[in-house]
Amino acid sequence: MAEIPKSYDPQGVEQRWYEQWLAAGCFKGKVDTSRESFAVMIPPPNVTGVLHMGHLLNNTLQDIMIRRARQEGKSALWLPGTDHAGIATQSRVEKELRQKEGKTRHDLGREKFIKVASEWRDKHGGIILSQLQKLGASCDWDRKVHTLDEGYSQAVLQAFVTLYERGYVYRGKRMVNWCPVSQTGLSDEEVIMKPTQGSLFKMRYEVVEQPGTFLEISTTRPETIPGDVAVAVNPEDSRYQHLIGKHVWRPFPRAQIPIVGDAAVEKDFGTGVLKVTPAHDRTDFEIGKRHNLTVLDVMNPDGTMNADAGPLAGLERFKARSAAAKLLEELGALVKIEPYENTVGYSERADVPIEPRLSEQWFIHYPKIEEAKRAVTSGMIKFHPERWTKTYLHWLDNIQDWCVSRQLWWGHRIPVWYRKGSDRNEAKNRHVSLQPPSDPANWEQDNDVLDTWASSWLWCLATIGWRKPGETTDELKHWYPTGALATGPDIIFLWVARMIIAGLELHGPEKKTLTDDEIRARIPFKRVYFNGIIRDKLGRKMSKSLGNSPEPLDLIAKFGADGLRFGLLSIAPKGQDILFDEDRVSQGRNFCNKIWNAARFRQMSGPMFDNSSITSIVQRINPAQLDDDDSAILHGLIGLSQATAHQLDEHEFTAYAQGLYAYFWGDFCDWYVEASKVRLADPALRDHCLAVQDLVLRQFLLLLHPVAPFITEELWHLLGYGKENEFIQNQNPSDGSDLNNAFLTASVKLDVSKVADVALLREFVAEVRATKSQANQATKRDSIITVIPKDAKAKTLLTHNRDKLGRLAGLSEMQFAESSGDRPGTVCQLGTVILEQSGTIDVAAEKIRLSKELEKIEKAVVAGEAKLSNETFVSKAPANILDGARKQLAEATAKRDEIVRMLKTLN
RNA sequence: GGGGGUAUAGCUCAGUUGGUUAGAGCGCCUGAUUGACAUUCAGGAGGUCGAUGGUUCAAGUCCAUCUACUCCCA
């Protein structure tokens, strides 16, 4: 076996293993019905996206789940893919077109534009996925899916057609969120509300029937005045109710408009008078409908004012706003302008304020809402952390129909044809199908495409072959529902909820309502893990413009993929936002190096023996030589295995990382390995001790593998645990029961009480070290101590471990005495320790130290006495708590008495 | 306006059915280093667990109110 280099160098190791894994087909998902299935579908990154910190964490989590599943022998599949990202991609391509060729998409025409966009996607779209390989992502790359793939597209269109046939899809003229830059409608979920500094314009409109009487009206959008068709007041409002039915003069273009009474007007808001602009405001549109008002659109799709805007015609909307203010002033209709902050909806992609705009759109009325709720409330789908359930239910309770048409070219073109020259709103004039009509000359296809989310909501279905309700594939039968979904809580509505609805409605034959069993069969995943959003050190979102996002590939190069993965995991609190700090990730790299060196130490400590199985290692353990530390560390190993199994099941990833870290570094390296150095020097004990180390390392590597795949695979082979062409990914760590069985078979009896004994010894060593440090003896390896043991048992324990203690605490001699005489010492649970020193004691310093300690212990004594003298406590507390309290008080009292005694000797 | 979340050491965070003297990493201070590892080792300082009240033998943990910050939805 090759000698292990001094420090861990991830670069070579990572590349070498990743290539071998790929070559051996390690990540291939195979339909194997004899095994339990476990699938994870990657949240498909946008083809326009670049790898960022969020992806690193999100994909690390998925990789952990899938690798653990593989270890457990499940038939695992992690399916990768990308999302065509309608608006984002189209904007990018149009921008390039404009910059490079000075052309718009209309210059190219639909077909040519799509071709250009496809080329752009092919060039840029795969970058993220290849970057994920550097992270170690074990996706089945041969199954990569893109939402515009032929088969996937078919599924998307079929879903639309099916929902149409089932009556869930309708076309209507509705208020939509219009993005004047992308020139398309948006769903509510794509609109970001932002507090925006603006102005509130106070104006007055003269009452036609009562010249000289004015109504004062406030608005933030005076540019829409030409679109005013009424003013509204609350019919209950005594100030204005007598005016209902009369008219006011709209200032420009000057016209009479009615005063209507409508309960939607808040009496207490502003002046209590509302200008009604049905074409440009949702509430106004509703009021307009109730009062049969005309809808007067004064704006073009690109955000400029149209001919109906009178004096404002042709102006861009924000220019029109100031022009309108000026005009009002000239007309004497402006009362005042005051600064005003309100919340304005912005287009997520273009980052400009959206316009409420009336247009013909396609809508989906969500089916299976009731079942979607039940799936989560009754635990058929489990959310981690659970609290997101509330958010999810809240959304479903207030759900609005989904505007799914987008006025774009890049995407799935809506499979609807209209009879030329006919009324499109009449069903008989429509042809809704995957196939064009047989007489195409008489029809024209809808120009719009579907919202990108109307394709990705089928992700768990269409990636493994769903093409039509009721039809299925082997993959679907095997892997659906998938095991888990890992994603950010920011897309709980956009994606997670919709996937659930899509699965419930479309997987399987048409059903009006579903039973629990049917829900179980139709849900897209059984668990959802919401990972936190990674922010910078100051809590700001990572963004390009702030330049606060580290380059993921640089981080991988700097810390190693394993180090980065472990570091991210250990700082990612469950479902909470994560403040990213590079220093904290270095902990992961350091841990890898520590593991590396522990393996190196093992290799240097003695020859390697047969490490090929648990049994072969356990056979080398000599039950007669099993000492306190062996028992404790092996017992801990079983505990760690159990804890890991539980934590991974429950998606407690942080606890998983911390548990591994504490055991390996704290228990194994700092204590066990250090202590074992004594035995390793003794030829009679060495091989037994090495066997224990081999067993610990083996099991630890198995447990660590999901989060740190590279280093564990490397050491697995370097330490002889696996044969060539076998991989650690196929080795089951189990929950420790296999270790227990092996011990049983080999008559290795672990004494659980040794765990407590070792804890006492560790406290003892820590106290001695501290005492030495205070006496400036820390460097010396030859300190002499005298111990007054607490009792016979303590003395035995100390005597048995004399050599180890000597090494760990740096002692040349440990002698026992009956009493300390009048000399000061340190009190610990096993007894009082007196450090023999040549120099004189710093009496003053010693007094301060002891007084401080006394103060602390006195508190414990007082608290303990109070507790135990409380009769209700004694009668009500359970026996073990009572026992513990008594024991604790006895110990504290003894310690206090000892300290008091020592303080006296100093006087 | 509605609904979440968070508040524990200087910083970032653990602390899962209430039960010993509340933990970790980083940072800071002191010291160590000739054979696993300075990406290391040992020690130390540092906390009335946001505030108030309640339930309980027992509260960081449960309940109520409040304060601050934060996210989502209107």
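Note on naming: letters A, B, ... go to the chains in the order of the sequence lines (proteins, then strands), and numbering restarts at 1 for each one.
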[N] to [M] separation - [atom1] atoms, rounded to the nearest Å:
{"N": "rG3(B)", "M": "rU65(B)", "atom1": "P", "value": "12 Å"}
{"N": "rA45(B)", "M": "rG10(B)", "atom1": "C1'", "value": "12 Å"}
{"N": "rC28(B)", "M": "rU39(B)", "atom1": "P", "value": "15 Å"}

Is it true that F493(A) and W395(A) have ring centroids separated by less than 6.0 Å? yes
For [X], check side chain to side chain donor-acceptor pair (under 3.5 Å) against everything at least two apart and list the hits.
{"X": "K373(A)", "result": "D397(A)"}
{"X": "Q693(A)", "result": "S676(A)"}
{"X": "T60(A)", "result": "none"}

Kindly point out which of [options] is positioned nearest to the side chain of [X]?
{"X": "N593(A)", "options": "rC71(B), rC57(B), rU39(B)", "result": "rU39(B)"}
{"X": "T872(A)", "options": "rU40(B), rC57(B), rU20(B)", "result": "rC57(B)"}
{"X": "F873(A)", "options": "rA36(B), rG19(B), rC71(B)", "result": "rG19(B)"}

Could you pull out all residues at least two apart from [X] that satisfy ring-ring contact (aromatic ring centres under 6.0 Å, His included)?
{"X": "F653(A)", "answer": "Y529(A), H651(A)"}
{"X": "Y661(A)", "answer": "F591(A), W665(A)"}
{"X": "F664(A)", "answer": "F668(A), F700(A)"}

Side-chain donor-acceptor pairs of residues 554-563 of chain A under 3.5 Å, sequence neighbours excluded:
| from | atom 1 | to | atom 2 | distance (Å) |
| --- | --- | --- | --- | --- |
| K558(A) | NZ | E582(A) | OE1 | 2.5 |
| D562(A) | OD1 | F710(A) | N | 3.2 |
| D562(A) | OD2 | F710(A) | N | 3.3 |
| D562(A) | OD2 | I711(A) | N | 2.6 |

Mind checking if [X] touches a base, just sugar-phosphate, or nothing, with heavy atoms under 4.0 Å?
{"X": "E871(A)", "value": "nothing"}
{"X": "C592(A)", "value": "nothing"}
{"X": "K895(A)", "value": "nothing"}

Quickly work out the [X] [atom1] to [N] [atom2] distance and round it to whole Å.
{"X": "H646(A)", "N": "rU17(B)", "atom1": "NE2", "atom2": "P", "result": "11 Å"}
{"X": "R769(A)", "N": "rG43(B)", "atom1": "CZ", "atom2": "C1'", "result": "9 Å"}
{"X": "N177(A)", "N": "rC73(B)", "atom1": "CG", "atom2": "P", "result": "12 Å"}
{"X": "N597(A)", "N": "rC41(B)", "atom1": "CG", "atom2": "C1'", "result": "13 Å"}
{"X": "Q693(A)", "N": "rA36(B)", "atom1": "CD", "atom2": "C1'", "result": "10 Å"}
{"X": "I533(A)", "N": "rC72(B)", "atom1": "CD1", "atom2": "P", "result": "8 Å"}
{"X": "F530(A)", "N": "rG5(B)", "atom1": "CZ", "atom2": "C1'", "result": "15 Å"}
{"X": "Y8(A)", "N": "rC37(B)", "atom1": "OH", "atom2": "P", "result": "18 Å"}

Along RNA chain B (nearest heavy atom to each residue), the more 5'-positioned of F601(A) and N870(A): F601(A)
Mapping R589(A) and V765(A) onto RNA chain B by nearest heavy atom, which one lands closer to the 5' end? R589(A)
Inter- and intrachain pairs under side-chain hydrogen bond (donor to acceptor under 3.5 Å, both in side chains), touching residues 873-884 of chain A, at least two apart: none
Protein N or O to nucleotides 2-4 of chain B N or O, pairs below 3.5 Å:
none

For nucleotides 44-49 of chain B, print each protein N/O atom paired with a nucleotide N/O atom at under 3.5 Å, atom names and distance only.
none

Just distance, no hydrogens or angles: give the donor-acceptor pairs under 3.5 Å from side chains in residues 885-897 of chain A, sequence neighbours left out.
| from | atom 1 | to | atom 2 | distance (Å) |
| --- | --- | --- | --- | --- |
| T893(A) | OG1 | L889(A) | O | 2.5 |
| R896(A) | NH1 | E858(A) | OE2 | 3.3 |

Is [X] reaching over with its side chain to a backbone N or O of [Y], donor-acceptor style, under 3.5 angstrom?
{"X": "Y392(A)", "Y": "A372(A)", "answer": "yes"}
{"X": "R769(A)", "Y": "L808(A)", "answer": "yes"}
{"X": "N870(A)", "Y": "A866(A)", "answer": "no"}

What is the pairing partner of [N], taking Watson-Crick or G-U wobble pairs with both distances under 3.5 Å in any strand?
{"N": "rU55(B)", "result": "none"}
{"N": "rA24(B)", "result": "rU12(B)"}
{"N": "rG43(B)", "result": "rC29(B)"}

What N/O pairs connect the protein and nucleotides 23-27 of chain B at under 3.5 Å? Give each pair on its own line.
| from | atom 1 | to | atom 2 | distance (Å) |
| --- | --- | --- | --- | --- |
| rG25(B) | O2' | Q587(A) | OE1 | 3.1 |

